[in-house]
Amino acid sequence: MPKLQSIKGAYDLFGSNLNKFNQVKALFRQYCENYGYHEIETPVFEDLRVFKREGDTSDMVNKEMYVLGNDHKMGLRPEGTAGIIRAYVEHKMYVNEAPYKLFYAEKMYRKERPQKGRQREFTQIGVENLGPKKAIIDAETIALGYYFIKLLGLNDIEVLINTLGDYESRKNYTEALKAYFGHNIECLCDDCKKRLHTNPLRILDCKVDNQNDVLQKAPKIDEYLTAEAKNYFKEVLSYLDILEIPYKVEQRLVRGLDYYTDTVFEVVSTNDASGAQSTLFGGGRYDNLVEYFEGPATSGIGFAMGLERLLILMEAEGVISEDTEEIDTYIIDLTNSNPYVLKVASILRNNGFKVELNVYDRKLKAQFKSVARLNAKTVIIIGEDEIKEATVMLKNIETQEQIKVNLDELVDKLEEMVGNDIDE
RNA sequence: GCGGUCGUGGUGAAGUUGGUUAACACUCUGGAUUGUGGCUCCAGCAUUCGUGGGUUCGAGUCCCAUCGAUCGCCCCA
């Protein structure tokens with residue numbers, strides 16, 4: 001049997017790392033609830049058609065999805081939105097008052113080459129806001145993500161925003177680009193020649209061809225936007241101004257998913273620590289997704305944030321609070337496992353105290369080492385004498401004060417000691 | 001999916017042009033006259049160098065494969 005290890009791009013999470021994960025998740029849950037969002041969990045695997053829709057050109061769905069089942073009809077979710085919309089329609093959540101707001105913190109799967117800030121199994125925390133389209137909601141959603149990152153203490157971030165117009169605008173624009181670049185294909189780099197077929201909008205964002213004259217003169221999205229779409233976008237921006245959220249309108253910003261319409265946004269890190277994966281969260285509005293799942297015409301907007309990337313940055317910017325774990329008391333046992341010791345521990349634990357007890361035959365000194373390691377606020381020492389008298393030696397680590405207490409008043413005494421510590 | 005770099009114990013790591021017992025530090029375990037620690041001192045802890053194969057009298061050190069990590073491309077969270 002060879003030594004087994006975790007699968008490429010999938011990682012074990014434990015100890016202080018898991019702790020940090022849970023801290024950020026807890027904060028996110030709380031913050032989402034401030035905005036009236038409710039948590040949802042959907043299955044990690046779904047019918048392939050949930051993720052892969054007709055005409056979908058994205059790599060994420062076509063190349064990077066883990067396909068499951070003997071008949072290859074299921075897939076591991078590469079993103080959260082599709083599954084949630086499926087659930088939204090399946091359970092007719094649209095009967096609730098709009099907007100209906102959902103958030104999630106779940107694992108996603110994408111078969112890419114692992115890299116810093118990019119794993120095959122990773123965690124996304126995100127939101128979906130379903131209901132009639134309204135500019136104020138777009139701004140509110142961006143605000144939720146932006147302020148959450150600020151709440152974590154992160155500073156080196158930038159908000160990029162753009163509009164794709166409605167579904168028709170986007171389609172027309174894509175066609176126009178295909179035609180335009182098709183005529184000028186010789187001027188493009190090799191990558192862009194490929195992009196012409198896969199994702200023409202991406203050409204606009206090419207680093208190689210950036211200064212290329214052909215690129216500079218390419219058709220602009222503006223020309224394909226309806227007046228309505230333009231006004232909508234303006235309105236979104238005005239709300240962001242009011243909220244004092246700094247943003248940069250990035251005409252070339254295109255998201256990888258095909259379902260986006262109107263507002264799209266991306267928050268990137270400007271910190272070097274994020275390496276080649278600088279996007280912290282991205283999202284946008286989608287007008288047709290609910291209908292795709294046979295639900296009533298409903299718009300939606302959401303974003304997803306990479307939790308692992310968030311933590312890389314928090315580490316780099318030094319904003320992670322290392323919370324020191326402490327326990328209320330450590331029970332030192334000098335008797336070699338007399339049942340009395342276990343009974344005392346049990347009584348205290350049932351009264352809400354965090355208690356650890358010595359279970360091995362160890363010298364007093366070794367046991368005191370555990371006291372320090374576990375960050376115990378108090379120590380309880382039990383030897384033959386204490387058992388005989390049904391008492392316990394209780395010591396306050398901070399003040400060094402030590403008293404003998406009867407078993408029946410131990411809970412109160414400990415409460416006093418531990419309680420005092422908290423007040424100070 | 002493509003290209004570059006790397007892979008030594010729980011951790012950080014040293015290991016010369018291949019040559020007997022794999023440095024050092026932290027952690028951990030035990031001890032320093034038998035009921036009071038966090039300091040100090042002493043001792044112990046990798047049959048083995050990601051894994052498999054090859055070259056060689058001899059490989060952690062060279063070659064191949066494989067797995068993994070990492071950086072860039074691509075893509076995206």
Side-chain angles (χ1 to χ4, degrees), chain A residues 1-11 14-16 57-65 77-81 104-126 145 149 189-192 194-195 198-199 202 205-208 253-257 265-269 272 274-283 302-313 330 332-335 358 360-376 379-386 393-398 400-402 404:
Chain A
M1 188 66 155
K3 236 182 242 170
L4 262 19
Q5 52 191 145
S6 76
I7 278 173
K8 182 201 282 218
Y11 306 91
F14 58 93
S16 65
T57 60
S58 71
D59 279 7
M60 189 185 87
V61 169
N62 291 294
K63 291 200 255 172
E64 297 166 1
M65 191 151 60
R77 64 172 169 226
E79 55 112 7
T81 305
Y104 58 94
E106 301 208 274
K107 296 268 175 97
M108 303 296 161
Y109 302 84
R110 261 125 97 158
K111 197 172 175 176
E112 302 176 273
R113 188 82 169 262
Q115 207 179 103
K116 186 178 194 180
R118 184 215 271 169
Q119 308 177 181
R120 290 186 165 186
E121 182 186 62
F122 61 103
T123 314
Q124 282 192 338
I125 55 181
I149 287 182
C189 72
D190 289 346
D191 280 333
C192 284
K194 274 183 255 165
R195 287 186 182 114
T198 57
N199 193 351
R202 267 285 164 204
D205 199 21
C206 180
K207 293 173 194 98
V208 180
L253 176 69
V254 192
R255 311 248 55 248
L257 275 48
F265 54 92
E266 203 167 284
V267 170
V268 299
S269 160
D272 288 340
S274 51
Q277 317 301 328
S278 59
T279 304
L280 271 179
F281 77 83
F303 66 74
M305 220 180 268
L307 188 46
E308 288 81 2
R309 289 185 187 177
L310 222 44
L311 286 165
I312 288 172
L313 274 176
Y330 185 89
I332 287 180
D333 175 13
L334 271 6
T335 70
N358 177 64
Y360 298 115
D361 191 13
R362 296 192 298 167
K363 293 235 159 89
L364 179 67
K365 172 151 180 160
Q367 297 192 39
F368 256 107
K369 268 195 171 172
S370 299
V371 172
R373 248 195 303 261
L374 294 169
N375 236 325
V379 174
I380 285 172
I381 301 168
I382 296 173
E384 300 299 341
D385 295 349
E386 285 79 7
M393 198 60 92
L394 179 61
K395 178 173 183 171
N396 186 325
I397 291 297
E398 201 184 334
Q400 298 284 354
E401 166 199 11
Q402 182 169 315
K404 186 175 266 195

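Just so we're on the same page: letters track the sequence lines, and every chain starts at 1.
When distances are taken from the side chain of A:Lys363 to each of B:G30, B:U70, B:G31, the shortest belongs to B:G31. For A:Arg309, counting side-chain heavy atoms from C-beta on, the closest listed nucleotide (B:G35, B:C74, B:C76) is B:C76. In the set B:A77, B:C74, B:G38, the nucleotide with an atom closest to the side chain of A:Asp59 is B:C74. Of the candidates B:U36, B:C74, B:A77, the closest approach to any side-chain atom of A:Lys395 belongs to B:U36.
The nearest whole Å value for the distance from the NZ atom in A:Lys365 to the C1' atom in B:G31 is 9 Å. The separation between A:Lys8 atom NZ and B:A69 atom P is 7 Å, rounded to whole Å.
Across all strands shown, A:Glu106 has no heavy atoms under 4.0 Å from either base or sugar-phosphate atoms. Within the 4.0 angstrom heavy-atom criterion, only backbone atoms of the sugar-phosphate kind lie near A:Gly9; the bases stay farther away. Note on A:Glu64: only backbone sugar-phosphate atoms sit closer than 4.0 angstrom, heavy atoms only; bases stay farther off.
For B:G37, the OP1/OP2 oxygens have no side-chain nitrogen or oxygen of A:Tyr330 closer than 4.0 Å. When the side-chain nitrogen and oxygen atoms of A:Gln402 are compared with OP1 and OP2 of B:U36, none of them lie within a distance under 4.0 Å.
The aromatic ring of A:Phe368 is not stacked on the base of B:G38, since the criterion of ring centres less than 5.5 Å apart with planes inclined by under 30° is not met.
Applying the 3.5 Å distance criterion, the base of B:G35 shares a donor-acceptor pair with the side chain of A:Glu386. For B:C74, its base never sits under 3.5 Å from the side chain of A:Arg113 at any donor and acceptor pair. The base of B:C28 is not paired with the side chain of A:Arg373 by any donor and acceptor separated by under 3.5 Å. Counting distance only, with no hydrogens placed and no angle test, the side-chain atoms of A:Arg110 and the base atoms of B:A77 include a donor-acceptor pair under 3.5 Å. For B:G38, its base sits under 3.5 Å from the side chain of A:Gln400 at one donor and acceptor pair at least.
Using a 30° and 60° split on the angle between ring planes, A:Phe281 and A:Phe303 fall in the tilted class, from 30° to 60°.
A:Ser269 and A:Arg309 share no side-chain donor-acceptor pair at under 3.5 Å.
At distances below 3.5 Å, not a single donor-acceptor pair connects side-chain atoms of A:Glu384 with backbone N or O atoms of A:Thr335.
Annotation: the span from A:Glu386 atom CD to A:Leu334 atom CG amounts to 8.0 Å, rounded to 0.5 Å.
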